[in-house]
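To start, the structure itself, in structure tokens.
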Number of protein chains: 2
Amino acid sequence: MNDVATTAGVALKTVSRVVNDEPGVNAATAERVRQAIDLLGYRRNDGARVLRRGRTASIGLIIEDVADPFYSGLSRAVEDVALRNDCLVFTGSSGEDPQRERKLVLAFCARRVDGLVIVPAGSDHGYLAPELSAGIHAVFADRPAGAGLDVDTVLCDNAGGARSGVAHLIAHGHRRIAFLGDSAAIFTAAERFRGYRQALEAAGLPYDESLVAMGTPEQARVQADLGRLIALDDPPTALFTGNGRTTVTTLRALEALRATTGPLDDHGATVRPLGAPGPRSLYPAGLDLAIVGFDDFELADMLTPAITVIAQDAAGLGRTSAELLFRRLSGDDPPAQRVQLPTHLIPRGSGELPPRSCP
Amino acid sequence: MNDVATTAGVALKTVSRVVNDEPGVNAATAERVRQAIDLLGYRRNDGARVLRRGRTASIGLIIEDVADPFYSGLSRAVEDVALRNDCLVFTGSSGEDPQRERKLVLAFCARRVDGLVIVPAGSDHGYLAPELSAGIHAVFADRPAGAGLDVDTVLCDNAGGARSGVAHLIAHGHRRIAFLGDSAAIFTAAERFRGYRQALEAAGLPYDESLVAMGTPEQARVQADLGRLIALDDPPTALFTGNGRTTVTTLRALEALRATTGPLDDHGATVRPLGAPGPRSLYPAGLDLAIVGFDDFELADMLTPAITVIAQDAAGLGRTSAELLFRRLSGDDPPAQRVQLPTHLIPRGSGELPPRSCP
DNA sequence: GTGAAAGCGCTAACAG
DNA sequence: CTGTTAGCGCTTTCAC
């Protein structure tokens with residue numbers, strides 16, 4: 001900047017004025033400055049600018065994993081809102097590891113981001129308190145903050161969504177509905193499980209613990225649980241899966257289980273799709289289970305049968321969180337609020353299959 | 001920092017030493033400083049630190065769209081490498097818009113990121129030249145930089161992958177193979193088209209322009225092209241799709257076309273999956289086309305038939321690009337190189353279907 | 001309209 | 001082992 005000033009034969013401050021389009025500079029002078037800038041290839045250093053002005057015009061986004069379509073949809077929405085506010089975004093994947101989350105958040109804070117959108121991995125966010133009182137705003141998305149933190153939160157209607165999905169299966173005649181979900185330690189999984197129980201209760205159906213399988217969405221675990229469910233004396237006729245990953249894993253597990261039972265009959269067995277109409281005599285090893293999954297996913301409509309889902313709005317989650325954040329950054333300071341986004345059921349076939357007639 | 005120093009009764013520099021774990025501080029003094037830090041809730045301002053030290057320990061990543069699984073996989077890999085190098089990453093989606101790309105890149109540069117990983121949208125990157133000569137390193141991923149820019153580049157073997165996919169179809173007896181791809185203006189699309197032609201030539205098959213349909217992967221456009229292909233006097237027996245999005249869109253278009261033809265026969269028509277064995281008499285409206293798609297996608301193996309693909313390694317692209325970048329950041333300065341990553345064919349069924357016997 | 005001086009929060013270089 | 005000084009590149013404040 002100094003060099004530019006010298007070259008243009010003006011003072012430093014004049015260059016600053018030109019660079020920032022501040023009023024009160026003679027057009028001719030400004031032109032001379034601009035020429036010097038081009039000549040020297042000068043670029044303003046925003047880091048230094050930030051140091052002086054206080055605001056960094058950047059926010060931090062912490063999610064579980066950018067590579068997960070749910071979070072990448074959320075990311076994109078946050079990014080769009082940020083860009084609209086002339087704000088850059090640092091992105092970090094926590095990988096569901098509270099330590100990594102903490103490290104990222106603190107690194108972002110050290111860079112003095114103006115605000116944070118956090119999909120929390122851990123449940124203890126005490127480390128954030130000093131940052132918040134230092135003036136960094138945070139919005140929690142998808143999952144609430146641990147106890148003691150008073151921040152804006154944007155959630156999906158997890159319980160309500162699960163409730164309507166399970167009610168849908170009940171409406172289609174199912175009485176024995178299994179719940180396959182993520183680990184109960186995860187907020188969304190617990191909420192969806194709560195919705196499952198509410199739906200059973202509302203329909204006057206008994207809750208049977210043996211129909212519940214919660215844990216990591218690994219193929220091996222899901223398959224083992226599914227094997228156990230299918231082998232029950234009174235097996236389920238329908239499955240409710242608690243998130244996108246679990247739904248897909250369950251579908252794979254079902255296919256794997258079918259593969260071990262050999263051809264079902266001569267009715268196109270080699271390509272017989274998941275749950276396609278066909279003989280049901282081989283149940284419990286057969287695959288005529290109805291399925292409703294929480295969370296929509298690409299190609300759900302192209303499977304056979306197409307998968308009925310409770311769709312949640314990842315982009316809406318991101319957009320709403322970011323908008324809440326920017327409202328605060330622009331000075332608005334209402335008490336912390338909790339927003340809940342609706343979900344909706346998309347019937348596609350798998351959730352409308354009737355219960356198997358008999359074993 | 002000043003306050004901490006005063007509180008601890010030491011000089012500013014000692015606080016700096018403690019904060020940065022520099023050696024040569026009395027344990028007791030350090031402890032006093034740490035107490036003052038806790039008491040005051042002091043956090044080092046990395047922005048100021050950066051201003052002084054020169055390196056920002058941050059990089060910028062520009063991709064087309066984080067919400068696209070290909071790019072989100074790439075993102076995650078870049079992020080992981082960055083974290084391993086104690087480096088933060090600014091992410092920006094260009095949305096295939098050269099203006100937005102430019103804006104993002106320049107914003108990142110103004111923040112003085114140490115380097116950039118760019119999946120370019122435009123083909124003119126002249127605006128980057130001054131930044132590069134100002135010492136910001138850039139690596140181009142997935143697509144090369146426009147002319148005149150001498151930068152590291154990491155690409156997939158687009159032509160080779162397409163060649164092997166088309167050769168695979170030829171090996172399975174196909175002679176009339178259509179190419180459905182992205183707009184020819186996009187580097188990867190052009191390369192894959194080149195591979196398609198090479199494969200035809202290697203097999204001594206004629207190139208027929210009427211079998212080629214390149215453009216945006218919109219449902220309407222793909223469906224129209226597909227309708228045209230199917231209505232040809234000598235229609236294709238196989239399709240090669242040029243990228244993941246096009247593959248999925250093609251599958252949807254095929255399904256839509258099938259829906260308009262009504263039930264094919266009494267053989268489970270209501271759930272008859274894409275290309276399942278069955279009567280072929282209804283071709284050209286039937287769907288017994290073999291398909292090989294460039295780019296793997298989730299659930300490709302769960303469709304019926306499962307989709308044969310040429311898999312490219314999005315994460316590998318991201319990892320390699322980031323590693324190349326960090327090698328340069330650590331002082332290494334070889335001439336700009338171009339790395340090409342291999343692709344591999346995953347046979348799953350759709351690519352092994354034989355040509356229809358006759359119309 | 002323009003400019004000079006102070007200082008944002010930190011670290012490098014050199015004393016003591 | 002600890003402290004002092006200068007200055008990173010910019011904006012703010014106030015004077016001309």
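Residue numbers start from 1 in every chain, and the chains themselves are labelled A, B, ... in the order their sequence lines are given, proteins ahead of strands. Computed from heavy atoms alone, side chains included, the values below leave out hydrogens, waters and symmetry copies.
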Legend entry - Test item: A/D65 side-chain N/O and A/G95 main-chain N/O as donor-acceptor pair under 3.5 Å: no

Rounded interatomic separation in angstrom, taking [atom1] from [X] and [atom2] from [N]:
X     : N     : atom1 : atom2 : answer
B/D3  : C/dG9 : CG    : P     : 9 Å
B/N2  : C/dC8 : CG    : P     : 9 Å
A/M1  : C/dG3 : CE    : P     : 13 Å
A/R52 : C/dA5 : CZ    : P     : 16 Å

Closest approach of [X] and [Y], non-hydrogen atoms and distance?
X      : Y      : answer
B/L155 : B/L317 : C-CD1, 3.9 Å
B/R245 : B/D68  : NE-OD2, 4.3 Å
B/P120 : B/F140 : CG-CD2, 3.5 Å

Legend entry - Listed partners of B/R43 passing salt bridge (Lys or Arg N to Asp or Glu O under 4.0 Å), at least two apart: A/E131

Inset, instruction - Under the salt bridge (Lys or Arg N to Asp or Glu O under 4.0 Å) rule, collect the residues that match up with A/R111, sequence neighbours excluded. - result: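 For A/R111, the residues satisfying salt bridge (Lys or Arg N to Asp or Glu O under 4.0 Å) (neighbours in sequence not counted) are B/D46.
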
Using a 3.5 Å cut-off and no angle test, enumerate the donor-acceptor pairs between side-chain atoms of residues 27-36 of chain B and protein atoms at least two apart in sequence or in another chain.
| unit_1 | atom_1 | unit_2 | atom_2 | d |
| --- | --- | --- | --- | --- |
| B/R32 | NH1 | B/A8 | O | 2.7 |

Inset, instruction - May I have all residue pairs that pass ring pair (Phe, Tyr, Trp, His ring centres under 6.0 Å) and include part of residues 79-107 of chain A, sequence neighbours excluded? - result: A/F90-A/F108, A/F90-B/F90

Inset, instruction - Under 4.0 Å from any atom of DNA chain D, heavy atoms only: list the residues of residues 40-49 of chain A that qualify, in numerical order. - result: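 Per residue number, the list reads A/Y42, A/R43, A/R44, A/N45, A/A48, A/R49.
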
Inset, instruction - Can you sort out which residues in residues 6-27 of chain B have a heavy atom within less than 4.0 Å of DNA chain D? Ascending by number, please. - result: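 Contacts with DNA chain D under 4.0 Å: B/V10, B/A11, B/K13, B/T14, B/R17, B/G24, B/V25, B/N26.
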
Legend entry - Nucleotides bounding contact with chain B, strand DNA chain D, heavy-atom threshold 4.0 Å: D/dC1 to D/dG9

Inset, instruction - Could you check if a side-chain atom of B/S94 sits within less than 4.5 angstrom of a side-chain atom of B/I118, using non-hydrogen atoms only? - result: no

Legend entry - Pairs touching residues 329-338 of chain B that satisfy salt bridge (Lys or Arg N to Asp or Glu O under 4.0 Å), sequence neighbours left out: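 Applying salt bridge (Lys or Arg N to Asp or Glu O under 4.0 Å) to every pair that reaches into residues 329-338 of chain B, excluding sequence neighbours, yields B/R328-B/D333.
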
Inset, instruction - Mind checking ring-ring contact (aromatic ring centres under 6.0 Å, His included) for B/Y71 and listing every partner two or more places apart, or none if nothing turns up? - result: none

Legend entry - Difference in axis direction between the ends of the helix from C/dG1-D/dC16 to C/dG16-D/dC1, five pairs, 10°: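 For the helix from C/dG1-D/dC16 to C/dG16-D/dC1, the axes at opposite ends meet at about 30°.
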
Inset, instruction - For B/A48, check side chain to side chain contact (heavy atoms under 4.5 Å, CB included) against everything at least two apart and list the hits. - result: A/L51, B/N45

Legend entry - Under the side chain to side chain donor-acceptor pair (under 3.5 Å) test, residues paired with A/T6 that sit two or more places apart: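 In terms of side chain to side chain donor-acceptor pair (under 3.5 Å), with neighbours along the sequence ignored, A/T6 is linked to no residue.
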
